[in-house]
Colleague: 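The structure's right below; bear with me while I get my questions together.
Each chain gets a letter, A, B and so on, in the order the sequences are listed, and its residues count up from 1. Bear in mind the structure is a predicted one, so any value in this text is a computation, not a measurement. For the numbers below, each heavy atom of this structure counts, side chains included, while hydrogens, waters and symmetry mates do not.
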Number of protein chains: 2
Amino acid sequence: MNDTNVSQRLFRRYLKDQGLPHTRQREAVAQVVFASAGHLSVEDLEGRLREMGHRTGKATIYRTLDLLVRSRLVMEHDFGEGFKRYEHRLSRDPVHEHLICLECGRVIEFESWEVQDVQARVTQRHGFRPARHKLEIYGLCRECQEAGVELPDDGLTCPIERA
Amino acid sequence: MNDTNVSQRLFRRYLKDQGLPHTRQREAVAQVVFASAGHLSVEDLEGRLREMGHRTGKATIYRTLDLLVRSRLVMEHDFGEGFKRYEHRLSRDPVHEHLICLECGRVIEFESWEVQDVQARVTQRHGFRPARHKLEIYGLCRECQEAGVELPDDGLTCPIERA
DNA sequence: GTCCATGCAAACCTTTTGCACTATA
DNA sequence: TATAGTGCAAAAGGTTTGCATGGAC
């Protein structure tokens, strides 16, 4: 049995636990999310559902994503593009960080125990109770650099010295 | 001379460098941003401008914030509240991270050389050219914990074991 | 006098909501 | 059959844009 099927089962269990009906739309949305590797936008989801012959309304997609996020089977991300992206959590490390290319939108995942460490120390020092964190590094991926893309620099050239 | 004035001067220099006019609206928006300690929303800004007797249109506020962000004198943040917040960068460490309270929205800043370190190592490993990063830790601040607030837990109780 | 900024309102985009209808259990 | 979900379209909410007017240089 593959991970997609495991996730599907977990989602069905979640629905049962919450006393919610299991519908074909929920099944379809969950299936697409669990079967996709990357970080999906709602537009991506709509497209894949249409390809598969499902005619699912946007509202239902959003409502189902909300359930998937609540169940903790899916994570919601906002990479500053003006819309959200969704990533399933099974079959990968539950805690990981992201490198995000400002040019092409490519997302590379990595893990870092140091970040966990920083979180533990800094939250303890401030009496803060952590629920989750995110470390996102924005820049240019190798491919975009090799394609000659440059990061724009519009800022003050040297604020302090020229003040 | 205080930091607010330094920042104002830098902003005027930025405008001159870019060949852009220095207007009273830009002056007013910049002044409010530089004089404020926290992480301002556009709504906050509008309010403070009104208090000061300035009648500045929303569009002008957004356009001026865009200039301030481009000049690097101001940073834009998105803490997932559905709108952006703005923070001036002078008179504080240019690189710092945030603890964000999910209950009251309080923001606590901290610094971490370890994160810089992680960024350097992981970007080198992936041939990625970093432009900026953000580490945000979400949870409950001390005050909200003491007020008895709990983090909701709606997820699957134990996905793997009960699968 | 030439540009550019401003202000207003309309447009935009993603996400949410109301409601009549349909499907689940 | 009771309860909740679905789909559509409208609304919401923050942000952006078009355009006529006014200000900066």
Colleague: Restricting both atoms to N or O, compile the protein contacts to nucleotides 14-18 of chain C shorter than 3.5 Å, with distance only.
Modeller:
from: C:dT15; atom 1: OP1; to: A:Lys84; atom 2: N; distance (Å): 2.8
from: C:dT15; atom 1: OP2; to: A:Tyr62; atom 2: OH; distance (Å): 2.4
from: C:dT15; atom 1: O5'; to: A:Tyr62; atom 2: OH; distance (Å): 3.3

Colleague: Does C:dG7 have its OP1 or OP2 closer than 4.0 Å to a side-chain nitrogen or oxygen of B:Arg55?
Modeller: no
Colleague: For the residue pair A:Arg26 and A:Leu20, establish whether any side-chain heavy-atom pair is separated by less than 4.5 Å.
Modeller: yes
Colleague: Please determine whether residues A:Phe79 and B:Phe79 belong to a single hydrophobic cluster, defined as Ile, Leu, Val, Met, Phe, Trp and Tyr linked transitively by side-chain heavy-atom distances below 4.5 Å.
Modeller: no
Colleague: Would you compute the distance between atom CD of A:Glu43 and atom CD1 of A:Ile61 and round it to the nearest 0.5 angstrom?
Modeller: 11.0 Å
Colleague: Could you tell me the separation between the SG atom of B:Cys101 and the OH atom of B:Tyr138, rounded to the nearest 0.5 Å?
Modeller: 12.0 Å
Colleague: Would you say the side chain of A:Gln18 lies within less than 4.5 Å of the side chain of A:Arg70, judging by non-hydrogen atoms?
Modeller: no
Colleague: May I ask whether A:Phe83 and A:Leu102 are part of the same hydrophobic cluster, defined by side-chain heavy atoms of I, L, V, M, F, W, Y residues being less than 4.5 angstrom apart, directly or through others?
Modeller: no
Colleague: Side-chain heavy atoms under 4.5 Å apart, restricted to Ile/Leu/Val/Met/Phe/Trp/Tyr: what other residues fall into the cluster of A:Ile108, or is it alone?
Modeller: A:Leu99, A:Phe110, A:Val115, A:Val118, A:Val122, A:Phe128, A:Leu135, A:Ile137, B:Leu99, B:Ile108, B:Phe110, B:Val115, B:Val118, B:Val122, B:Phe128, B:Leu135, B:Ile137
Colleague: Measure the distance from CD1 on B:Ile61 to P on C:dA5 and round it to the nearest whole Å.
Modeller: 17 Å
Colleague: Taking A:Gln145 for its side chain and A:Leu140 for its backbone only, find out whether a donor-acceptor pair lies under 3.5 Å.
Modeller: yes
Colleague: Under 4.5 Å between side-chain heavy atoms, counting indirect links through other Ile/Leu/Val/Met/Phe/Trp/Tyr residues: same cluster for A:Ile100 and A:Met75 or not?
Modeller: no
Colleague: Drop me the distance from A:Glu87's CD to A:Glu109's CD, to the nearest 0.5 angstrom.
Modeller: 4.5 Å
Colleague: For the helix from C:dG1-D:dC25 to C:dA25-D:dT1, what angle separates the axis at the start from the axis at the finish, each from five pairs, in steps of 10°?
Modeller: 30°
Colleague: Does anyone know the first and last nucleotide of DNA chain D in reach of chain A, 5' to 3', at under 4.0 angstrom to a heavy atom?
Modeller: D:dA4 to D:dC8
Colleague: Report, one pair per line, the protein and nucleotides 20-24 of chain C atoms (nitrogen or oxygen only) whose separation is under 3.5 Å.
Modeller:
from: C:dT24; atom 1: OP1; to: A:Arg24; atom 2: NH2; distance (Å): 2.9

Colleague: Report the distance from atom CD of B:Gln18 to atom P of C:dC4, rounded to the nearest whole Å.
Modeller: 13 Å
Colleague: Of all residues at least two apart in sequence or in a different chain, which pass the side-chain contact (heavy atoms from CB on, under 4.5 Å) check with B:Arg50?
Modeller: B:Glu46
Colleague: Hey, what do you get for NE2 (B:His88) to OG (B:Ser36), rounding to the nearest 0.5 Å?
Modeller: 8.5 Å
Colleague: So, taking the atom named NE2 in A:His54 and the one named CD in A:Gln31, what distance separates them when rounded to the nearest 0.5 Å?
Modeller: 7.0 Å
